[in-house]
Structures are given as structure tokens and as C-alpha cells.
Amino acid sequence: MRSELYIDGSWKTASDGKTFEVVNPATEEVVHHIAAATAEDVDLAVKAARRAFDTGGWPKMSGAERARYLRAIAAGIRARQAEIARLETIDNGKPFPEADWDIADAAGCFDFYAGLAEQLDSNPEEPIALADGRFTSKAVREPIGVAGAIIPWNYPLLMASWKVAPALAAGCTVVLKPAEVTSLTALELAAIADEAGLPRGVLNIVTGAGSVAGQAIIDHGQVDKLAFTGSGPVGSKIMAAAARDIKRISLELGGKSPFVVFDDSDIEKAVEWILFGIFWNQGQVCSATSRVLVQEGIYAPLLKRLVEETNRIRIGNGLEEGVLLGPLGSKKQYEQVVAAIEAATAAGATLACGGTRPEGFEKGYYLRPTVLTDVPLYSAAWVEEIFGPVVCVRSFKTEDEAVELANDSRFGLAAAVMSKDDARAERVAKAFRAGIVWINCSQPTFTEAPWGGYKQSGIGRELGRWGLDNYLETKQITKYVSEDPWGWYIK
Ligand code: NAD
């Protein structure tokens with residue numbers, strides 16, 4: 001396990017020597033200590049990234065050259081996949097097979113953006129047709145500069161990859177700050193990039209508190225772009241900080257996503273996708289479908305099967321075989337989710353199952369998967385993101401009512417619909433005010449497809465070619481090609 005900051009191609013302790021604890025949420029044991037970056041350390045990292053961008057040659061390399069580094073990073077991740085997945089489980093609590101899937105996806109993300117970096121070479125400029133024949137014009141794409149990337153703890157290495165891979169592909173240099181509760185695998189990414197020979201300063205990783213290291217990144221005058229994934233309140237702070245220097249921003253924030261199940265659906269399939277939509281990663285998923293709307297014809301039998309299957313989910317340490325629900329990511333998260341369940345029942349919601357600590361678990365941030373019914377509309381449980389294994393289920397009568405309930409949220413990250421009637425599913429998919437819509441499933445995510453939210457769920461899109469756009473500026477180059485004098489001042 002690494003414990004130092006990765007700045008300008010070297011490993012460094014924090015300038016004041018301070019560290020913070022790494023806690024395994026399955027055991028509550030302190031398993032490691034990691035450097036807590038100061039504003040001074042962040043300044044060194046940003047300056048290293050600045051040099052690598054301005055004079056180090058990274059943005060001037062061909063896309064194919066940058067792609068070679070990205071592919072080497074992908075190979076480096078794959079070569080250590082099981083070991084890194086294990087670290088992720090120890091750090092975050094997620095079941096090992098989920099961590100293994102995440103790490104494979106992270107490697108795939110570097111390979112995908114290597115492909116897009118190569119395409120930048122073959123299609124670097126776009127001719128612009130002008131009505132005025134005395135000029136020619138073209139648009140070229142260029143990297144924005146130094147990107148400051150700040151990520152959450154729910155998908156540690158994957159969220160790092162979603163930012164680092166497209167930024168590097170575009171020719172940006174990066175200062176990445178992982179979440180303080182899950183920094184282990186980001187440091188492994190630095191080690192892998194180092195082994196891949198990535199030029200110094202191109203990728204810098206500073207671990208530490210959001211209020212110190214994160215704040216220093218967003219306030220730094222030499223950072224050109226902020227890419228953030230995390231909560232809405234911190235997203236607002238980032239937008240405000242960016243406003244001062246007109247930094248470019250992309251924000252991936254929270255959600256309270258609906259899943260509309262029509263009564264022509266197969267109940268077993270619906271239950272399976274509802275479970276996957278909310279209990280995968282302990283429900284700590286920004287796009288989790290945490291509000292389930294079931295058409296009244298199948299509400300009672302579906303709820304019965306949902307509760308049965310929820311109660312059968314095997315809870316435990318994510319390193320144990322067969323476990324499908326690990327502990328929540330941290331003590332703070334556990335306490336917040338428990339408080340949200342208590343507030344829900346106090347507001348009149350019914351606990352159909354879960355809501356308590358599972359029996360036999362004295363240590364670890366474990367919580368039984370929870371199904372809430374009778375949740376009053378406009379109560380916190382219905383409106384606010386809980387970010388835990390808690391689903392609210394209610395019935396609806398008509399398609400119009402379902403769409404209205406689904407869209408009645410300040411968030412708009414994701415939404416899902418299930419129906420055997422394709423025309424209806426497509427109609428509802430179009431009616432959702434959300435950036436990601438699933439039909440007949442919930443959560444599968446693909447590197448090739450755009451990811452991001454409407455409304456207060458964010459600004460911009462990650463993944464796919466849209467993810468690359470996040471790190472590119474557009475420049476027009478216009479040339480006067482007429483032999484005639486311009487003839488404005490000098491006739
Ligand atoms: P958070 O906002 O508390 O923290 C996210 C990151 O911001 C952390 O690295 C933290 O250290 C940093 N940070 C905190 N204060 C800061 C400050 N003042 N300046 C700069 N950085 C600061 O969020 P979290 O609890 O880590 O993650 C959970 C949230 O993330 C949920 O709301 C979830 O929906 C959201 N999320 C969204 C997506 C998406 O793609 N839309 C994906 C994953 C998580």
C-alpha cells in the first residue's frame with residue numbers, strides 16, 4: 001500500500017508531515033496511513049502539471065503517442081487487477097466481485113480513450129464553410145490545460161479513470177484528489193502510470209481532506225478546468241470557486257432516480273432489476289434507482305417478492321465469497337443512512353424490511369437492505385438522496401401520473417422504465433427529464449455512452465466522445481485568402 005503524494009513524478013510526504021487514517025469499513029480497523037496534502041503540496045502539484053503542459057511537450061505529442069501511455073496504463077491495471085480489486089474492497093467495503101468489475105472497467109476506460117486520442121490525429125481539424133469566399137476557416141480542438149479532478153469514494157479507481165483517461169487523451173495534464181476515505185487505489189494508479197513511463201508532472205495525485213487539498217485545487221489560479229464528481233453542496237462550492245477565474249467545469253452530482261414499472265412487466269425480472277438498481281454497491285451509487293414506482297395492478301405481488309429477495313441478500317465482508325452486500329463506505333455514511341431511515345419512519349413511512357443492523361455483526365458499518373413504503377411525497381426520504389441501500393416504493397395508476405411523479409425532483413441524473421410495450425417504454429424514456437435512461441434494466445453503464453445529469457445532477461457529460469470534449473477547447477483559425485486589399489482604411 002502506498003502512502004505518499006505523487007507529485008512531479010516523485011513520491012513525497014505532506015509538507016507538514018501529517019497523515020490520515022485508512023479504515024476498513026468491514027472491520028473498523030485502521031489499516032494504513034496516507035499523507036494529508038497541504039495547500040503547499042497542491043501548489044507544487046499544480047505547478048508540476050503546469051510545466052508539463054506548458055513546456056513538457058505532453059499536449060504537443062500526437063494522439064497516437066499519448067495513446068501508447070494510456071494503453072500501457074490499462075495493461076498495468078489489468079496486470080494487477082485482482083490485487084487492486086482487493087485493495088478497493090478493503091478501502092471501500094464493496095464486495096470483491098464488484099471491485100473486480102470496477103477495476104476491469106477502469107482499464108477498459110484507459111483503452112477506450114487511447115482509441116479516441118488516436119482519432120484526434122486523423123481528424124484534427126474541421127473545415128468551416130463560410131459565405132464569404134475571401135476567407136477560409138477551420139475549427140481545431142486543443143487541450144484545455146491543467147485539469148483539477150476531484151472524486152468521491154463510491155467507485156474510487158473507476159471515478160479516477162473516468163477523469164484521468166479522457167484528460168490525458170485530450171492532452172491535458174492532471175492533478176487528481178481522491179476522496180479521503182478511499183485513496184488507496186488512486187495511489188496505485190500513480191504507481192502504474194509511473195511504471196508506464198508517463199512524463200513527470202502529467203499526472204499528479206494528492207490525497208487529503210476536501211476542505212484543504214480539494215479547496216486548494218479549486219482555488220488555484222493556474223488550474224484551467226475543474227472536473228468534479230460528488231455531492232451537490234460541494235458541487236456548488238466548486239462552481240462558485242470556478243466562477244472567479246472562469247475555470248471550465250464539469251460536475252457529476254447526486255440523484256434520486258425513479259424506476260417506473262408498468263403492470264405488463266414480468267415480476268421476477270422487475271424485482272431483479274429493482275434490487276440491482278438500489279443494492280449494488282450498497283446503494284452508494286449516484287444513479288441508483290431509489291424511487292420505485294409500480295403500477296397498481298402488480299404492486300402487491302411485486303412488493304412481496306421484492307421484500308423476500310431483499311431479505312435473502314447475503315451481507316458480509318466483501319472479501320468473503322458469495323457476499324452481495326458489504327458495509328457502507330464509512331462511519332459517517334452509515335450514520336447518515338441510519339438517520340435518514342429514522343427520519344423516514346418518523347415522517348410516516350413503513351419499513352417493509354431492513355432498516356437495522358444485521359444480527360451477528362458487532363463491527364463494521366453494516367446495514368440490512370431496506371424497503372420503505374408509504375413514504376410521504378415531499379418527505380426527505382422521497383426527495384433527498386440517501387446514498388445507501390434504501391429504496392422507496394409506491395404505486396401509480398396511469399402513465400401520466402408515473403411520468404409526473406418521476407420528474408418531480410430537483411435531480412435528473414437517471415431514470416428507468418420497464419414494460420413489455422416497446423412504444424410505451426420509448427415514450428416514457430423520452431418524457432423523463434434525466435441524462436441517463438434505462439429501459440427494462442437499471443444501472444448497466446458503458447464507457448462508450450454519455451454519462452451525466454439534467455437539473456441539479458450536474459453539468460456536462462463524461463464517458464464516450466463527450467468525455468473527451470470535457471477536456472478540449474475549440475479554436476477557429478480563419479485565413480484571408482483573397483489577393484485583393486482589404487480596402488477599409490486604405491482605399
Ligand atoms: P463529497 O461531495 O462529500 O466529496 C467528493 C469529493 O469532494 C471528495 O474528494 C472530497 O474530499 C471533495 N471535497 C469536499 N469538500 C471540498 C471542497 N470544499 N473543495 C474541494 N473539494 C472538496 O461527496 P462524496 O460523499 O464523496 O460522494 C457522494 C456524492 O457523490 C453523492 O451525492 C453521489 O450522488 C455523488 N456521485 C455522483 C456521481 C455521478 O456520476 N453523478 C458518481 C458518484 C458519486
Side-chain angles (χ1 to χ4, degrees), residues 1-25 28-53 56 58 73 76-77 80 83-84 86-88 90-92 146-153 156-157 159-161 163-164 167-168 173-223 226 228 230 329-332:
M1 286 188 225
R2 307 258 160 192
S3 54
E4 295 180 313
L5 314 171
Y6 184 69
I7 298 176
D8 205 15
S10 304
W11 297 96
K12 291 184 164 53
T13 53
S15 62
D16 62 3
K18 293 218 170 98
T19 60
F20 62 93
E21 292 177 343
V22 176
V23 177
N24 179 344
E28 299 181 38
E29 280 164 8
V30 176
V31 291
H32 197 48
H33 290 85
I34 291 183
T38 61
E40 202 181 307
D41 296 317
V42 169
D43 184 52
L44 286 178
V46 172
K47 285 183 174 147
R50 191 75 261 164
R51 274 194 306 278
F53 187 83
W58 181 253
I73 294 172
I77 295 173
R80 297 177 50 200
E83 176 206 342
I84 297 174
R86 201 182 134 79
L87 276 185
E88 202 80 297
I90 290 169
D91 210 7
N92 163 283
V146 173
I150 299 178
I151 54 169
W153 46 264
L157 189 71
M159 289 298 107
S161 306
K163 293 185 168 37
V164 173
L168 298 190
T173 57
V174 177
V175 177
L176 170 78
K177 195 201 84 64
E180 44 274 64
V181 282
T182 54
S183 297
L184 291 179
T185 54
L187 292 178
E188 295 309 320
L189 176 64
I192 288 167
D194 195 76
E195 279 156 28
L198 194 72
R200 55 191 280 196
V202 169
L203 174 63
N204 305 273
I205 302 206
V206 287
T207 47
S211 55
V212 180
Q215 191 71 40
I217 293 175
I218 67 177
D219 285 341
H220 204 295
Q222 291 183 31
V223 172
L226 294 172
F228 174 73
S330 66
K331 183 165 192 272
K332 181 174 157 217

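A quick note: this is a predicted structure, and the numbers were derived from the prediction, not measured. Along the sequence shown, the residues carry numbers beginning at 1.
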[atom1]-[atom2] distance between [X] and [Y], expressed to the nearest 0.5 angstrom:
| X | Y | atom1 | atom2 | value |
| --- | --- | --- | --- | --- |
| Ser183 | Ile205 | OG | CD1 | 9.5 Å |
| Ile217 | Gln222 | CD1 | CD | 13.5 Å |
| Ser3 | His33 | OG | NE2 | 10.5 Å |
| Ile7 | Leu203 | CD1 | CG | 11.5 Å |
| His220 | Gln215 | NE2 | CD | 13.0 Å |

Tell me whether [X] contacts the main-chain N or O of [Y] through its side chain, where contact means a donor paired with an acceptor under 3.5 Å.
| X | Y | result |
| --- | --- | --- |
| Glu180 | Gly210 | yes |
| Ser15 | Glu40 | no |
| Asp219 | Ala216 | no |
| Asp41 | Ala14 | no |

**OP:** Consider only side-chain N and O atoms of Tyr6 and Asp194, and report whether a donor and an acceptor are under 3.5 Å apart.
**Re:**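 Yes, side-chain donor-acceptor contact under 3.5 Å.
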Original post:
Under 3.5 Å, is there a donor-acceptor pair linking the side chains of Thr13 and Glu4?
Top reply: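 No, Glu4 and Thr13 have no side-chain donor paired with an acceptor closer than 3.5 Å.
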Over all heavy atoms of both residues, which pair between [X] and [Y] is shortest? Give the atoms and the distance, please.
| X | Y | answer |
| --- | --- | --- |
| Thr207 | Ala35 | OG1-O, 2.6 Å |
| Thr173 | Ala49 | OG1-O, 2.8 Å |
| Ala37 | Ala213 | O-CB, 4.0 Å |
| Ala190 | Trp11 | CB-CH2, 3.7 Å |
| Ala179 | Pro152 | CB-C, 3.5 Å |

I'd like to know whether [atom1] of [X] has more than 12 heavy-atom contacts from other residues, nucleotides or ligands below 6.0 angstrom.
| X | atom1 | result |
| --- | --- | --- |
| Lys18 | NZ | no |
| Glu28 | CD | yes |
| Arg86 | CZ | no |

**OP:** Decide side chain to side chain contact (heavy atoms under 4.5 Å, CB included) for Val174 and Val202; before the verdict, give the C-alpha distance in whole Å, the side-chain angles of both, and the deciding distance to 0.1 Å.
**Re:** CA-CA 6 Å; Val174 177; Val202 169; over 6 Å; no
Mind checking whether [X] and [Y] have side chains closer than 4.5 Å, heavy atoms only?
| X | Y | result |
| --- | --- | --- |
| Leu189 | Ile77 | yes |
| Val31 | Val23 | no |
| Leu87 | Met1 | yes |
| Phe228 | Ile218 | no |
| Asn204 | Leu176 | no |
| Arg2 | Leu184 | no |
| Asn24 | Asp91 | no |
| Thr185 | Asn92 | no |

Original post:
Would you call Asp8 and Arg51 a salt bridge, using N to O less than 4.0 angstrom?
Top reply: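 A salt bridge links Asp8 with Arg51.
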Original post:
Given the side-chain rings of Trp58 and Phe53, with only the six-membered ring counted for Trp, is the space between their centroids under 6.0 Å?
Top reply: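 Aromatic pair excluded; centres sit 6.0 Å or further apart.
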**OP:** List the steps and the verdict of side chain to side chain contact (heavy atoms under 4.5 Å, CB included) for Ile151 and Lys177.
**Re:** CA-CA 7 Å; Ile151 54 169; Lys177 195 201 84 64; over 6 Å; no
